[in-house]
Amino acid sequence: MVNLYVVVLAVIVVVLLSVSLTRLRSVKTKVDYLVAGRSLPAYVLVFTLLSSWIGAGSLFAGAENAFKNGFAALWAPAGGWAALLIIYFVAPRARNFAQFTIPDLLETRYNATARVLGTIAILFAYTAITSYQFKGGGDILHLTFPGLDEVAIQTFHFPPENAHALGMIIIAIFVILFTALAGMASVAYMDVVIGSLIVVTSFISVPLLCHRIGGWSRLHAALPPEYFQWLGRFGFVNGVNQGTGVAFVKAWDYFLPTFLLMLGNQSMYQKFFSAKTERDARVAVVGWIAGTVVLETLIVAIAVFGTALFGHNAELASRPRETIPFTARHGLPPFVGALLMGAVFAKVISTANNYLFSPATNLVNDVYTRFINRQASNESILLVSRVLVVLLGIFALLQGAVWTSILAMALYAYTIYSAAITPVVMGTFFSKRVTAAGAVTSIILGTAVTVFWNVEQIMLQKGRGTWISPGWLAHDAIFPAVIVSVISLVAVSAMTPPPVREKWAPFFAEPEQAAN
């Protein structure tokens, strides 16, 4: 049956390359490459937003969470759903602004320092997100080609403990070349194909898995009762239930980073900048809300069914992030399993494309053409963009080689972005009083607290002394980082003169006013 999985993956790769090469001919200018010529209709926006959001974070980190906590893993995607209700009102104004990146927005609303600091924060957060897409794609190849580890050891002389990394390297090379080809147009239209595939296969897979295990009652019998409770096993520490209070705080450790990442997500704003009209941007959010609620619920359900079927398997227990592809490989009819495996693979590729492309856009638009070569031609911009995609891809690959847990990587990336970027972006759209000094302070302190907190957690894991109590370090950095970021944004803005009208006016104009 291995051949079937290989054939499906090969077909998906060929289709994705065909879409990318087809769009390549339309890429002639900076606007074409970075925001698809601002031509994306609503239906394309829905699928590209859905595909860029649901990647290894949902399919691997979310599955790992479901393996450990059951349906309570939905706390993480629920943060995104809540944020989308706010984004519905922001999307048309973001399209009105019609620039290229979040740092464009930060300089217009604040100053050049905010642009540079925002670029740095996005670069580190998004390459971290890209790195665990590489790792997830490598897992797919490992499961599809069981002999790949042996090739890594015998042919490329990898140490046995690192043999799994060969798949990650192969995926990284593919994604880097793929992303460099046609920019946003390639990414967006490819996402239509991928989004359709993952939705259809998820709808088919859930009832088949339910039937295989013997129905809902048998699922309940196969798993601990906490897997069906709203806080799962979040309150358990070393196998002992510490109570509802601890569980609720842990649930917010998952909810809040996702909520804040979604609110300030540059990849999302780039899609809005790429929309044909303000109406297309708003309609796309409605479709996105429906799509993400349904699809992420199905993904968690597949992981829970997979845990019930294969949770006793030693290989899966040691690598719970592989719950969904493992279930596809061993728990579904071969053709459906191959389609689901291919859909997961394609989703990882899509998300890696989006999050690798986004920081490359930052460096081109916010550093190269802003500070280095203001008169750069379209040809030189395209060349520099593609070179940067390669360099950032290598940087992301190196990060993937260092981190081991996709769930931990996801939380770190979400938190650093949430603390550094989201508060100042929301200040742009909802406050006329926030100042440049407040924004710069917020970005610096939000980033610093996140990094310091994570260093302290690493020190604790190594048994070394820490400045922060171990009890506090059991939680994600999201609470202290965001609290410090928001307080500094508000306090420093209150102590400095209000911005002139020209700074906030572009973000509060109605569509008709902005067009005049």
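Below, all heavy atoms of this structure are taken into account, side chains as well, without hydrogens, waters or symmetry copies.
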Any side-chain heavy atom of [X] sitting closer than 4.5 Å to one from [Y]?
X	Y	value
Leu332	Phe305	no
Asn365	Arg115	yes
Phe357	Val175	no
Val434	Arg109	yes
Phe60	Val348	yes
Leu84	Ile87	yes
Val8	Met341	no
Phe345	Leu141	yes

Please find the pair of heavy atoms, one from [X] and one from [Y], that lie closest to each other, and give the distance.
X	Y	value
Ile122	Pro103	CD1-CD, 3.8 Å
Glu296	Ser58	OE2-OG, 3.0 Å
Met409	Ala128	CE-O, 4.0 Å
Ala376	Thr369	CB-CG2, 4.4 Å

Would you compute the distance between atom [atom1] of [X] and atom [atom2] of [Y] and round it to the nearest 0.5 angstrom?
X	Y	atom1	atom2	result
Ile299	Ile54	CD1	CD1	5.0 Å
Tyr132	Gln399	OH	CD	11.5 Å
Ile173	Phe134	CD1	CZ	10.0 Å
Thr327	Leu143	OG1	CG	10.0 Å
Leu340	Leu197	CG	CG	9.0 Å

Carefully, step by step, assess Trp252 and Phe255 under the rule ring-ring contact (aromatic ring centres under 6.0 Å, His included). CA-CA 5 Å; Trp252 277 82; Phe255 179 92; 4.8 Å; yes
Does Phe430 CZ have over 12 foreign heavy atoms under 6.0 Å away?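 Yes - once you tally the heavy atoms of other residues, nucleotides and ligands closer than 6.0 Å, there are more than 12.
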Looking at Arg279, I want to see if its CZ is surrounded by more than 12 non-hydrogen atoms of other residues, nucleotides or ligands under 6.0 Å.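 No.
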Among side-chain atoms of Asp476 and Thr415, is any donor-acceptor pair under 3.5 angstrom?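 A donor-acceptor contact under 3.5 Å links the two side chains.
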Under 3.5 Å, is there a donor-acceptor pair between the Asn265 and Tyr126 side chains?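 There is such a pair (donor and acceptor under 3.5 Å, judged by atom type) between the side chains of Asn265 and Tyr126.
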Side chain to side chain contact (heavy atoms under 4.5 Å, CB included) assessment of Asp366 paired with Asp104: CA-CA 7 Å; Asp366 303 313; Asp104 272 333; 3.7 Å; yes
Verify, without hydrogens or angle tests, whether [X] (side chain) and [Y] (backbone) share a donor-acceptor contact under 3.5 angstrom.
X	Y	answer
Ser485	Ala419	yes
Thr422	Leu260	yes
Thr258	Ala76	yes
Asn69	Ala72	no
Ser205	Ser202	no
Trp230	Trp75	no
Ser442	Gly438	no
Lys135	Gly400	yes
Ser493	Val490	no
Thr292	Trp288	no

Stepwise side chain to side chain contact (heavy atoms under 4.5 Å, CB included) test for Trp53 and Leu261: CA-CA 10 Å; Trp53 180 248; Leu261 175 69; 3.8 Å; yes
Partners meeting ring-ring contact (aromatic ring centres under 6.0 Å, His included) with Tyr110 (sequence neighbours left out):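 With neighbours one apart ignored, the set is empty.
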Which residue is it: Val384, Leu382, Val390, Val389? I am looking for the one with a side chain to side chain contact (heavy atoms under 4.5 Å, CB included) to Arg386.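 Among Val384, Leu382, Val390, Val389, the one meeting side chain to side chain contact (heavy atoms under 4.5 Å, CB included) with Arg386 is Leu382.
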Run the side chain to side chain contact (heavy atoms under 4.5 Å, CB included) check on Phe124 and Val451 step by step: do they pass? CA-CA 11 Å; Phe124 281 99; Val451 172; over 6 Å; no
Go through the steps for Phe371 and Val116 under the test side chain to side chain contact (heavy atoms under 4.5 Å, CB included), then give the verdict. CA-CA 10 Å; Phe371 298 108; Val116 173; 3.9 Å; yes
